[in-house]
Amino acid sequence: MSHPLEDVRILELGQIIAGTYGSQVLSDLGAEVIKIEAPEGDLGRIPSVAPYRGLSGLFLTFNRNKQSVVINLKSAEGRQLFYDLVKISDVVIDNFRPGVLERLQIDYPTLNKINPRIIHCSVTGFGGAGAYKDLPALDLNIQAISGHMAITGEAGRPPVRVGIPLADISGGIYSSKGILAALFDRERTGKGRRIEISMFDTMLHLLTYMGTMWLTNGEVPKPPGSAHDYSVPWQAFATTDGYIAVATRQEIFWHKLCSVLDHPDLAGDPRFADNPSRVKNRQVLVPLLEQIFRTRTTADWLERLRGADVPAAPVNNIDAAFAEPPVAEREMIVEYDHPQVGKVRLPGNPIKMSDMGKTISRPAPMLGEHTDAVLKTLLRLSAEEIAGLHESGAVGEKKLTKDSGSIKENA
């Protein structure tokens with residue numbers, strides 16, 4: 001049993017989510033991830049972000065399996081240590097603002113000269129060039145400008161962001177995909193690549209068919225709530241004690257639904273004879289269905305609908321979601337013991353492969369926890385040399401403050 005990315009070493013310069021999630025995904029597949037932090041540390045460490053026992057729940061999540069090495073890249077000695085690590089690594093990931101890599105002298109042309117096989121992936125807000133390259137790129141801003149907030153929520157209500165930081169997370173998802181493709185290509189060519197991920201680009205890509213309908217047909221979608229523009233019924237309905245989501249894309253499911261509802265008359269009504277008719281007459285049909293669904297509990301409806309093979313699911317809160325049978329069956333909860341906060345339980349790895357061992361789950365590192373060990377084992381430095389680097393300030397952490405220079409340098 002092995003993990004497919006064993007022997008792949010990643011140097012992560014990432015901050016918060018967009019620059020950390022991709023390498024966390026790759027660590028689940030066996031990659032060794034060395035998190036290179038500034039003396040102030042990753043901004044994701046700020047304990048007011050998802051606070052948990054004095055630490056950040058965000059950091060505990062996105063930095064599982066990583067090692068923390070504190071290097072001051074603004075010092076010549078610190079940069080040389082980074083260059084030495086680049087020589088023996090496969091991938092560098094960052095989410096610095098455009099221009100920071102060049103100022104720190106760690107841009108791709110520089111690193112490529114040191115190691116022609118290096119793959120360097122940058123996650124930015126709007127790309128490394130262009131009119132918006134210097135704009136701050138927080139998740140909320142990207143969700144707004146990319147059109148996602150305008151199609152999320154209920155019609156006639158204020159715009160709503162997706163409940164998770166989707167723009168940040170999409171940067172991580174697409175960066176991991178790009179890195180995997182570059183690693184595969186390097187096996188054929190022996191050469192590394194430069195990868196640039198724009199979160200704005202990723203969110204446009206995630207618009208999928210809605211983007212297509214605007215670009216080709218001029219259709220501007222409106223927020224549908226839980227409903228669907230092109231299928232009816234396809235939404236959540238209130239029950240006596242909650243909500244249940246029902247989706248009847250094929251006509252066979254519509255007829256089964258009418259049977260379960262004890263209303264075969266709906267299936268025979270010409271206004272609802274097929275999906276285009278139901279879409280046209282949704283303002284008539286949906287209130288009728290809402291009235292029926294309010295007569296039973298969610299569990300009662302779920303048993304009836306699943307028994308008839310009608311696509312249906314309860315609208316779960318997170319507690320109920322993690323109690324569903326597939327969570328345990330597919331090992332979608334992992335845990336680790338953290339030296340400061342104790343046991344941490346978190347979502348597991350969704351990528352399942354044959355002949356792959358269990359999900360790797362090592363604690364998110366304390367700031368600088370692995371600095372000395374990495375310098376000793378990978379760079380073969382002596383105790384005296386390491387002590388000198390600490391003395392000079394080339395390595396070693398300091399307390400995180402809101403005025404840290406890294407705040408200005410990261411997307």
Side-chain angles (χ1 to χ4, degrees), residues 138-170 199-251 253-254 256-258 260-261 263 266-267 269-298 301-302 305 310-318 320-321:
L138 301 180
D139 176 82
L140 177 66
N141 305 128
I142 301 296
Q143 286 202 34
I145 197 172
S146 65
H148 280 261
M149 287 180 63
I151 58 173
T152 303
E154 298 286 343
R157 303 282 294 173
V160 178
R161 76 173 182 90
V162 178
I164 59 170
L166 182 60
D168 284 340
I169 289 172
S170 68
M199 292 191 293
F200 181 65
D201 291 353
T202 66
M203 292 295 275
L204 291 181
H205 192 255
L206 290 176
L207 289 172
T208 58
Y209 71 89
M210 289 189 175
T212 300
M213 294 306 290
W214 155 247
L215 291 169
T216 61
N217 200 35
E219 291 186 24
V220 179
K222 297 178 181 179
S226 65
H228 196 292
D229 286 338
Y230 306 113
S231 292
V232 175
W234 179 295
Q235 65 184 80
F237 292 96
T239 65
T240 60
D241 62 351
Y243 287 86
I244 190 165
V246 178
T248 59
R249 174 169 288 161
Q250 285 81 29
E251 293 302 322
F253 295 130
W254 164 242
K256 288 182 176 182
L257 173 63
C258 293
V260 171
L261 299 178
H263 276 272
L266 293 177
D269 192 316
R271 295 173 298 175
F272 317 135
D274 54 28
N275 187 64
S277 300
R278 294 193 294 275
V279 171
K280 180 181 178 181
N281 294 292
R282 76 166 70 223
Q283 299 305 324
V284 178
L285 175 59
V286 170
L288 295 174
L289 297 177
E290 289 175 333
Q291 184 176 1
I292 298 169
F293 275 107
R294 287 194 183 100
T295 63
R296 297 181 183 275
T297 66
T298 298
W301 282 123
L302 192 62
L305 291 166
V310 176
V315 179
N316 284 336
N317 287 322
I318 287 181

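Below 30°, between 30° and 60°, or above 60°: for His228 and Trp234 the angle between ring planes is above 60°, a perpendicular geometry.
Counting heavy atoms from C-beta outward, Met203 and Ser170 have side chains that approach closer than 4.5 Å. In this structure the side chain of Val246 reaches within 4.5 angstrom of the side chain of Phe293, judged on heavy atoms. Residues Thr298 and Phe237 form no side-chain contact, since every pair of their non-hydrogen atoms from C-beta on lies 4.5 Å or further apart. Side-chain atoms of Gln250 and Lys256, non-hydrogen and from C-beta on, never get closer than 4.5 Å to each other. Residues Leu140 and Met149 have side chains in contact (heavy-atom distance under 4.5 Å, counting atoms from C-beta outward). Under the 4.5 Å side-chain criterion, counting only non-hydrogen atoms from C-beta, Asp269 is not in contact with Leu285.
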Worksheet entry | Candidate pair Thr202 and Ile142, rule side chain to side chain contact (heavy atoms under 4.5 Å, CB included), full reasoning | CA-CA 10 Å; Thr202 66; Ile142 301 296; over 6 Å; no
Worksheet item: Which is it for Val310 and Trp301 under the side chain to side chain contact (heavy atoms under 4.5 Å, CB included) test, yes or no, and what are the steps along the way?
Response: CA-CA 11 Å; Val310 176; Trp301 282 123; over 6 Å; no
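Of all heavy-atom pairs between Leu289 and Pro233, the closest is CD1-CB, 3.7 Å. Listed here is the closest heavy atom pair of Val279 and Ser231: CG2-N, 4.1 Å. The minimum heavy-atom distance linking Pro287 with Val284 is given by the pair CD-O, 3.4 Å. Residue Pro221 comes nearest to Glu219 through the heavy atom pair CD-O, 3.4 Å, listed as atom of the first residue, atom of the second, then distance. Nearest heavy atoms, Ala312 versus Leu305: CB-CD1, 3.7 Å. Of all the heavy atoms in Ala150 and Pro223, the pair that sits closest is O-CD, 3.2 Å.
The line from CG of Asp229 to CE of Met213 is 9.5 Å long, rounded to the nearest 0.5 Å. Note: Thr239 OG1 to Arg294 CZ = 10.0 Å, rounded to the nearest 0.5 Å. A distance of 6.0 Å separates CD1 in Ile151 from NE2 in His148, rounded to the nearest 0.5 Å. Separation of atoms CZ (Arg271) and CG (Leu266) is listed at 8.5 Å; rounding is to 0.5 Å. Rounded to the nearest 0.5 Å, atoms CG (Asp168) and CG (Leu138) are 8.0 Å apart. Within the model, atoms CG of Leu288 and NE2 of His263 stand 8.5 Å from one another, a figure rounded to the nearest 0.5 Å.
No donor-acceptor pair closer than 3.5 Å links the side chain of Gln235 to the backbone N or O of Gly225. Side chain of Thr248 to main chain of Phe253: no donor-acceptor pair is present (N/O by atom type, distance under 3.5 Å, no hydrogens or angles). A donor-acceptor pair under 3.5 Å links the side-chain atoms of Ser226 to the main chain of Ala236, judged by distance alone. Between the side chain of Asn275 and the backbone N or O of Tyr230 there is at least one donor-acceptor pair closer than 3.5 Å. Side chain of Arg278 to main chain of Val232: a donor-acceptor pair is present (N/O by atom type, distance under 3.5 Å, no hydrogens or angles). In this structure, Asp274 contributes its side chain and Ser277 its backbone to a donor-acceptor pair below 3.5 Å.
A donor-acceptor pair shorter than 3.5 Å cannot be found between the side chains of Thr297 and Asp241.
When the shell of 6.0 Å around CD1 of Ile318 is examined, it contains 12 or fewer heavy atoms from other residues, nucleotides or ligands.
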